[in-house]
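What follows is a short report on a single structure.
Heavy-atom basis, side chains included; hydrogens, waters and symmetry copies ignored. Values in this document were obtained by computation on a predicted structure and should not be read as measured data. All chains are named by letter (A, B, ...) in the order of the sequence lines, taking the proteins before the strands, and each is independently numbered beginning at 1.
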Amino acid sequence: MEIPKTYDPKQAEQEHYARWEAEGYFTPEINGDPAAPVFCIVIPPPNVTGSLHMGHALQHTLMDVMTRHKRMCGHKTLWLPGMDHAGISTQLMVNRELKKEGLTRHDLGREKFVERVWQWKHESGGQILNQMRREGASVDWSRERFTMDEGLSRAVREVFVRLYEEGLIYRGDRIVNWCPTDQTVLSDLEVEKTPQAGKLYYLQYPVKTDDGTERRVTVATTRPETMLGDTGVAVNPKDERYRELIGTTIKLPLTNREIPLFADEYVDAEFGTGAVKVTPAHDPADYEMGVRHNLPQVVVIDQHARMTEDAGAEFFGLDRYKARELVVQQFEELGLLEKVVDYEFSISKCERCKTVIEPLISTQWFCRMAELRDLALGLMNETGEPQFTPEVPYAKVYTDWLENLRDWTISRQLWWGHQIPAWYDDEGNVYVARSEEEARSAARTDKLVQDADVLDTWFSSQLWPFSTLGWPDETEDLKTFYPTSVLVTARDIIFLWVSRMVMAGMKFLGQTPFHDVFVTGTVLDKHGQRMSKTKLNGIDPLDVFDKYGVDATRLVLASTGSTDSRWNDNQVESYRNFANKIWNAARFCLMNSEGAGVNSEAFKTENGTELPLHDRWILSRLNRAAREVNDAVNSYQFHEAVQTLYHFFWDDFCDWYIELTKQDVTAEAASPARDTARTRLVTVLEQALRLLHPFMPYITEELWQRLPGVGERLLHPAYKGARPTVMLAAYPQADAALIDERAEGEMAAVIDLISRVRNIRSELNVKPSDRVRVLVGAGEERAREVFEANRDQIARLARASDISVRERLDAPRASARAVLGGGAEVAVPLEGLIDFEQERGRLAREREKLQKEAAKLEAQLANPQFAERAPAEKVNEVKERLADIAGRSAALAQMAEALK
RNA sequence: GCCCGCUUGGCUCAGUGGUAGAGCACUCGCUUCACACGCGAGGGGUCAAUGGUUCGAAUCCAUUAGCGGGCACCA
């Protein structure tokens, strides 16, 4: 036998991907049906610096499941891959490389540095894309994009120019988040707040009085060094304590400046002393107050977080923390330090380097968001798009954020990225244009200097769903694939990316960029902690692939879907076992496939003869599974889809169908009956492999290719002419006519009988090799017919020597007995093995259980309100159950009697 | 501070207004001619607590506790 007993995933993983790719199966062009519905996903472009982590593997699995499913359903399918240039991350990465050579980017200069980044990108960037091949991701590599591609860069400039011309992009001086380490401005979303155990310093400021009497106002601050830049003190207008001081002047210590004390609603009288020092140049809230009250801005901290000349000679050049110490010390010496208390507050840090952010006033480019925000909110109001899954909480989180949106700082002081398409002439006039030529002709001079800054990485990412399809040109791809079908992403970029894509899509194409958004859960470590590089608790998907196989890993990830869950190897192991189960089921089919071949006519019978029960049953189960899986995938219920597939394959197909058909299939002599049984078996297997394929691409392809009788005719009609592959086979759609309640009911009775006999054997320690006699009593004629018709299978699976089916149970006293559903009874004569006392006890316990349940049901029926208010259907159900229990209970009583 | 989510057998998780589910782990038996990554048979949960709505609640509502997450210019 050439098929090994254990499935080795590596072999299949190495074999198929390259062929799929080479055959063009991943491209939408493989679909030859001009009327085919379209399905499109654009990948959330991973950072060019990134390598695959579990979060990617999760997203990619879900996207691939959907893409493969839709492709097999005949959709014209595009999953578009690509990468993000990731401005800051990439620049820092290359900086680190340079540092090893003892260089900084300034040693190279801008042009050489950017060249160097490109070189890095070509040599070691984008590892993640190769890792995606391993995952089996069916992306169209011919459409791979990078945010700095010429086409995408053109889209960026186009958007910038249009927004500028409409006044939605402007340049100005604002207080911004400045990272002193990365030397760039950051948007609010790139700043993280972390709790910080710090101190609250109470500083006393002398009030200037006419009569020379001494009066002081105490202000509280966490950042004493900023007092050097104070240009006012604010109190709440309703605060009685300070009412008479409003309008007076403060003599600012350590400086020779005098600043006003004024009233502003913003001030919370309850907090601190109720008086706030106002530093417009170094605090966002103070900045706002400064604007309201026309306060001067005194800059005392520079871009390197050092004190400026304006901070005073003593402080000039000091680091901000050193300056803090000195300020506090001097206040103490002057007797103006009232107290210092421990205080926990949150501090803003750079998301990337964790440096404490310095709010600074700086000239930057901003994007006005109000109009764009309204486009997104309007869309949500009108069409409910994008439809979030899970809807709770993301739809609300998304709209709440939009409603409170502030202007977006879009410039960055970096070299790697899209340089801002604005040029300045000698006089400082600005020309925003799509190209330098355009700017020159507008400026009527060649002496222009381009703005040195680049755009926030997310400025280009927000265009991804259409820039990748060719926009601003009206390409075929854009017409065909926009809007995309669904966006799959992690929740941490809903604001950074998802919302901005919606705004940009609405603004420039007038349509949502994607109808649905599926938000994945987070894969945590086994202690429930987020996986992170710094904690070193990450699990490398590639290691898991190596250990358990890609397909098994995909099942775990698909099951995870949108819920946070802890990683545990046990689960992967169980799906690894599942893969092995599939392998061996197929192995059995292939070992017995001579004379058989996959055949859509396999279950047709001549002149309408009814199929055997197990055939009708497996068709019913197969079609039911197909219906459930299709519904589940279409509604993003991946966990349910996996469960359905798992139990259909293992329980229905392996445990029952193969066993039931085994005798026919393994008959030694060739015969038409054997061929039929084998053909049916292999046909069901083939359908099962198709159902499984979106989740387990490798093993299904590996096995499908080996099945006898597979070929082009199994492909979805849209893929006519393609080289046969399970990837392009038609995804099984449920045929309602084949879902057969009667067959399932009859099969349930057979299974029940077999299980009861097995139970008796097990409980009474009958040796597996011993055959037993099985006596069945069934009052219903149909039940007797079913048992009779399947007596061979029952006998084999229950290890019975013979089976006798009668209307009434007629068993020797020394028998173990059990009650079946529908009032049937079974007895197994076991002379010498029966302890009558014990047996009566067993029956009594079973009867007790039934009676407990009956009592509950009776109480329910006895409640008049139940009969009145519950639906008749429910009331009937209870009555029927009660009758069934009564029947069984009576039978048990009789059985116990027979043992006396 | 505001908002949100979670709490189901030993573990990891599904589920849902009308008889509590899976996988793993556990117990017993099995070299049954596809598979010990297996086969068969079992044990195990008053679905966090309290109160309410309902004929009926693990499922809906409220409160509480524990855990987790998001948002926020309180100096």
- Task: Can you tell me the distance, in whole Å, between the CD atom of A:Glu573 and the C1' atom of B:rC37?
- Result: 7 Å
- Any Lys/Arg nitrogen of A:Asp188 or A:Arg406 sitting under 4.0 Å from an Asp/Glu carboxylate oxygen of the other? yes
- Pick the C1' atom in B:rC39 and in B:rU32, then give their distance to the nearest Å. 8 Å
- Task: Give A:Thr6 one of three labels, base, sugar-phosphate or nothing, depending on what nucleic acid heavy atoms sit under 4.0 Å from its own.
- Result: base
- Paired with B:rG10 by Watson-Crick or G-U wobble geometry, both distances under 3.5 Å: which nucleotide is it? B:rC24
- Message: Would you measure the distance from the C1' atom in B:rC74 across to the matching atom in B:rG52 and give it in whole Å?
- Response: 39 Å
- Counting side-chain heavy atoms from CB outward, which of B:rA34, B:rC13, B:rC74 is closest to A:Tyr266? B:rC74
- Task: Please state the C1' separation for the pair B:rC60 and B:rG42 - nearest whole angstrom.
- Result: 37 Å
- Message: If you only use heavy atoms from C-beta on, which nucleotide in B:rC74, B:rG70, B:rA14 is closest to the side chain of A:Asp268?
- Response: B:rC74
- When you check the phosphate oxygens OP1 and OP2 of B:rC37, does a side-chain N or O of A:Ser574 lie under 4.0 Å from one of them? no
- Message: Between B:rA72 and B:rC2, how many Å separate the two P atoms, rounded to a whole number?
- Response: 16 Å
- Take atom C1' in B:rG38 and the same atom in B:rC33, then report the distance between them in whole Å. 14 Å
- Message: With a 4.0 Å cutoff (strictly under), does any side-chain N or O of A:Lys874 reach OP1 or OP2 of B:rU19?
- Response: no
- Task: Compare the minimum distances between each of B:rC73, B:rA75, B:rA22 and the side chain of A:Phe345, then state the nucleotide with the smallest one.
- Result: B:rA75
- Please state how far atom CD in A:Glu763 lies from atom P in B:rC28, giving the value in whole angstrom units. 15 Å
- Query: What is the base-pairing partner of B:rG51, counting Watson-Crick and G-U wobble geometry with both distances under 3.5 Å?
  - Reply: B:rC61
- Note on the structure: Whole-Å distance, A:Phe638 CZ to B:rA22 P, equals 24 Å
- Within the structure shown, what part of the strands sits under 4.0 Å from A:Thr563 by heavy-atom distance: base, sugar-phosphate, or nothing? sugar-phosphate
- Task: Write down the distance separating the C1' atoms in B:rG18 and B:rG23, rounded off to the nearest Å.
- Result: 28 Å
- Query: So does A:Tyr343 get a side-chain nitrogen or oxygen closer than 4.0 Å to the phosphate oxygens (OP1/OP2) of B:rA75?
  - Reply: yes
- Message: Measuring from the side chain of A:Tyr646 (C-beta onward, heavy atoms only), which nucleotide among B:rG23, B:rC35, B:rG69 has the closest atom?
- Response: B:rG23
- Message: Pairing check on B:rC35: which nucleotide meets the Watson-Crick or G-U wobble criteria with it, both distances under 3.5 Å?
- Response: none
- Message: Any carboxylate oxygen within less than 4.0 angstrom of a Lys/Arg side-chain nitrogen, looking at A:Lys199 and A:Asp342?
- Response: yes
- Item | Residue A:Asn580, side-chain heavy atoms: nucleotide from B:rG29, B:rC35, B:rU12 that is nearest | B:rC35
- Query: For the side chain of A:Val392, counting heavy atoms from C-beta on, which of B:rA41, B:rC4, B:rC24 is nearest?
  - Reply: B:rC4
- Task: Send over the distance from A:Leu861 CG to B:rG18 P, rounded to a whole Å.
- Result: 18 Å
- Message: When you measure from the side-chain N and O atoms of A:Lys581 to the phosphate of B:rA34, is any distance below 4.0 Å, counting only OP1 and OP2?
- Response: no
- Query: With a 4.0 Å cut-off on heavy atoms, is A:Glu877 in touch with a base, just the backbone sugar-phosphate, or nothing at all?
  - Reply: nothing
- Just checking A:Val278: base, sugar-phosphate only, or nothing, at a heavy-atom cut-off of under 4.0 Å? nothing
- Query: Is the base of B:rC35 touched by the side chain of A:Arg587 through a donor-acceptor pair closer than 3.5 angstrom?
  - Reply: no
- Message: Rounded to whole Å, please give me the gap between CD in A:Glu868 and P in B:rU54.
- Response: 14 Å
- Item | Under 3.5 Å donor-acceptor pair, A:Tyr7 side-chain atoms to B:rC37 base atoms | no
- Could you work out the separation of B:rC61 and B:rG17 based on their C1' atoms and round it to a whole Å? 13 Å
- May I have the step-by-step check of side chain to side chain donor-acceptor pair (under 3.5 Å) for A:Asp264 and A:His293, ending in yes or no? CA-CA 9 Å; A:Asp264 192 289; A:His293 298 274; 2.6 Å; yes
- Task: Take A:Thr273 and A:Arg241, measure what side chain to side chain donor-acceptor pair (under 3.5 Å) needs, and give me the verdict at the end.
- Result: CA-CA 10 Å; A:Thr273 62; A:Arg241 293 172 294 178; over 6 Å; no
- Task: Could you let me know what B:rC71 is paired to, Watson-Crick or G-U wobble, both distances under 3.5 Å, or none if it's on its own?
- Result: B:rG1
- Write down the distance between NZ (A:Lys396) and P (B:rC4), rounded to a whole number of angstrom. 6 Å
- Query: Mapping A:Trp650 and A:Thr560 onto RNA chain B by nearest heavy atom, which one lands closer to the 5' end?
  - Reply: A:Thr560
- What is the nucleic acid contact for A:Glu659, judged by heavy atoms within less than 4.0 Å: base, sugar-phosphate only, or nothing? base
- Contact class for A:Cys589 vs. all strands (heavy atom < 4.0 Å): base, sugar-phosphate, or nothing? nothing
- To the nearest angstrom, the CD-P distance between A:Glu640 and B:rA14 comes to 13 Å
- Task: Could you measure between the two P atoms, the one in B:rA49 and the one in B:rG9, and give it in whole Å?
- Result: 11 Å
- Minimum-distance nucleotide to A:Lys277 side chain [options: B:rA75, B:rC37, B:rG18]: B:rA75
- Item | Salt-bridge criterion met for A:Asp286 and A:Arg292 (N-O under 4.0 Å) | no
- Message: Which nucleotide wins on minimum distance to the side chain of A:His647, given the candidates B:rG18, B:rA22, B:rA75?
- Response: B:rA22
- Query: Do NZ/NE/NH1/NH2 and the carboxylate oxygens of A:Arg881 and A:Glu853 come within less than 4.0 Å?
  - Reply: yes
- Message: Any base atoms under 4.0 Å from A:Asp655, or only sugar-phosphate, or nothing? Heavy atoms, all strands.
- Response: sugar-phosphate
- Note, A:Asp651 side chain near A:Tyr646 side chain (heavy atom, < 4.5 Å): no
- Item | Between C1' of B:rU32 and CZ of A:Arg758, the distance in whole Å | 11 Å
- Task: Using a strict 4.0 Å threshold on nitrogen-to-oxygen distance, state whether A:Arg756 and A:Glu846 make a salt bridge.
- Result: yes
- Query: Within the structure shown, what part of the strands sits under 4.0 Å from A:Val276 by heavy-atom distance: base, sugar-phosphate, or nothing?
  - Reply: base
- Message: Base of B:rC35, side chain of A:Lys5 - is there a donor-acceptor contact under 3.5 Å?
- Response: no
- Query: Which nucleotide in the set B:rA75, B:rC30, B:rC73 lies at the smallest distance from any side-chain heavy atom of A:Pro768?
  - Reply: B:rC30
- Message: Both A:Arg576 and A:Asp651 contact RNA chain B. Taking the nearest nucleotide for each, which residue is further toward the 5' end?
- Response: A:Asp651
- Task: Give a yes or no on whether a donor-acceptor pair under 3.5 Å exists between the nucleobase atoms of B:rA14, that is its base, and the side chain of A:Gln637.
- Result: no
- Message: Check A:Lys662 with A:Glu659, please: is the shortest side-chain N to carboxylate O separation under 4.0 Å?
- Response: yes
- Task: Could you check A:Arg223 against A:Glu358 for salt bridge (charged side-chain N to carboxylate O under 4.0 Å, His left out), going step by step and ending with a plain yes or no?
- Result: CA-CA 11 Å; A:Arg223 301 195 58 197; A:Glu358 191 58 52; 3.0 Å; yes
- Query: Closer than 4.0 Å, any side-chain N/O of A:Asn759 to the OP1 or OP2 of B:rG42?
  - Reply: yes
- Query: Of the nucleotides B:rU12, B:rA75, B:rC37, which one has an atom closest to the side chain of A:Arg566?
  - Reply: B:rU12
